[in-house]
Amino acid sequence: MREALFEWLQQSPLLCLLAIAFVAVEILTPSTGIHALYGNILAGLIAIPAVIERWHSRHKRDEWLSDLILWLLLGAGLYLYIIPSSRDLASGSQTLTTADYRLHKKHRSRHSYDFRSRYRLEIPAIRTTFRIDQKDYDRLDRTPAPTIHIEYWPHSHTLKRLDIQDDTTP
């Protein structure tokens, strides 16, 4: 495995740097707010130089399957990251106040590739699941469930703001 990675690094250092940049964006981008939306766009934009580099170096190799995979990567980057986030920037956010929500805690495994957050907030009224931070999860995970006011972007399923209304005051 180590030899294969070293060979890949020698053949294409640009692709290796782009892969490192993608993982860094996924790990360092927050779960909520405008920076999460910009992180989605940046993660999708990283696929564009990868495809361009592979396209210009196609005469050096005899592989066609890796080119097909990179074109699929570009399509997935556009469809999953760039287009929904751009639509949300153009159309704006929506708001909702509810006490009907579910919390999920995703356990880490070797096959999990979502590096940003393992905590999820599911809102059945709009059939959407949002990533949240651990501090928000801990504040919401109590009985009785507090009422929340959320501002969210509907296309990229990203929370813009989460306000937890404390109902314990007399």
Side-chain angles (χ1 to χ4, degrees), residues 1-90 93 102-123 128-141 150-162:
M1 173 80 171
R2 184 179 295 168
E3 293 84 18
L5 288 175
F6 186 67
E7 181 182 335
W8 187 58
L9 177 62
Q10 285 181 334
Q11 288 178 356
S12 183
L14 178 65
L15 284 179
C16 192
L17 289 173
L18 290 171
I20 291 169
F22 180 80
V23 171
V25 165
E26 286 292 314
I27 290 173
L28 299 176
T29 303
S31 299
T32 60
I34 191 73
H35 296 294
L37 197 64
Y38 290 151
N40 286 343
I41 293 173
L42 184 60
L45 289 175
I46 288 174
I48 294 172
V51 170
I52 291 171
E53 193 274 336
R54 292 297 285 186
W55 182 258
H56 286 296
S57 66
R58 70 186 180 283
H59 62 278
K60 296 178 186 175
R61 61 193 189 304
D62 236 359
E63 308 169 345
W64 62 272
L65 187 60
S66 66
D67 290 339
L68 178 65
I69 290 171
L70 280 171
W71 284 109
L72 290 174
L73 172 72
L74 178 63
L78 285 170
Y79 183 73
L80 296 176
Y81 289 104
I82 297 173
I83 293 173
S85 298
S86 299
R87 285 179 66 189
D88 284 337
L89 282 175
S93 60
R102 296 183 191 101
L103 296 172
H104 302 286
K105 185 177 186 179
K106 194 170 94 174
H107 297 284
R108 300 271 185 197
S109 70
R110 295 182 310 173
H111 308 292
S112 175
Y113 299 107
D114 187 7
F115 299 110
R116 287 191 198 168
S117 176
R118 63 184 211 172
Y119 302 101
R120 302 283 192 263
L121 172 67
E122 179 184 351
I123 310 290
T128 304
T129 302
F130 301 105
R131 293 184 192 110
I132 58 173
D133 295 325
Q134 181 180 2
K135 64 179 180 69
D136 292 330
Y137 179 85
D138 292 339
R139 290 174 47 205
L140 290 171
D141 191 25
I150 62 170
E151 191 172 354
Y152 66 96
W153 288 290
H155 302 291
S156 63
H157 306 292
T158 304
L159 275 177
K160 184 175 184 179
R161 195 176 75 224
L162 171 66

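We number each residue from 1, following the sequence as shown.
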Handout entry: Polar side-chain atom of N40 near backbone of S85 as donor-acceptor pair, under 3.5 Å
Key = no
Handout entry: Distance-minimising heavy-atom pair for S156 and L37
Key = OG-CD1, 3.2 Å
Practice task
Please round to the nearest 0.5 Å and tell me the distance separating atom CZ of R161 and atom CD1 of I34.
Solution key: 13.0 Å
Fill in the blank from the handout: For E26 and A43, the nearest pair of non-hydrogen atoms, with its separation, is OE2-CB, 3.8 Å
Problem - Short N-O contact, K135 and D138, less than 4.0 angstrom - result: no
Practice task
Kindly write out the residues that satisfy side chain to side chain contact (heavy atoms under 4.5 Å, CB included) with I52, not counting sequence neighbours, or none if the list is empty.
Solution key: I48, H56
Exercise for the section: Run through I83, I82, L89 and flag the one making a side-chain contact (heavy atoms from CB on, under 4.5 Å) with S86. Expected result: I82
Handout entry: R120 CZ to S31 OG distance, which is reported to the nearest 0.5 Å
Key = 8.0 Å
Exercise for the section: List the steps and the verdict of side chain to side chain contact (heavy atoms under 4.5 Å, CB included) for L42 and T29. Expected result: CA-CA 10 Å; L42 184 60; T29 303; over 6 Å; no
Fill in the blank from the handout: CZ of F22 to CG of L45, rounded to nearest 0.5 Å, is 11.5 Å
Practice task
Let me see the working for F130 and I123 under side chain to side chain contact (heavy atoms under 4.5 Å, CB included), right down to the final yes or no.
Solution key: CA-CA 8 Å; F130 301 105; I123 310 290; 3.9 Å; yes
Fill in the blank from the handout: CH2 of W153 to OG1 of T158, rounded to nearest 0.5 Å, is 7.0 Å
Practice task
Taking atom NE2 of H104 as the centre, report whether more than 12 heavy atoms of other residues, nucleotides or ligands fall under 6.0 Å from it.
Solution key: yes
Completion exercise
Value for CG (L121) from OG1 (T129), rounded to nearest 0.5 Å, stands at 8.0 Å
Completion exercise
On a heavy-atom basis, the closest approach of G39 and V25 is O-CG1, 3.6 Å
Handout entry: Where Y152 and L159 come nearest, the two heavy atoms and their spacing
Key = CB-CD2, 4.1 Å
Handout entry: Side chain to side chain, D88 and P154, heavy atoms closer than 4.5 Å
Key = yes
Problem - Exercise: identify the closest heavy-atom pair between R131 and T32 - result: O-CG2, 3.7 Å
Practice task
Would you give the length of the straight line joining atom CG of L140 to atom OH of Y119, rounded to the nearest 0.5 angstrom?
Solution key: 12.5 Å
Exercise for the section: Work out which heavy atom in Y137 is nearest to a heavy atom in L103; give both atom names and the distance. Expected result: CE1-CB, 3.6 Å
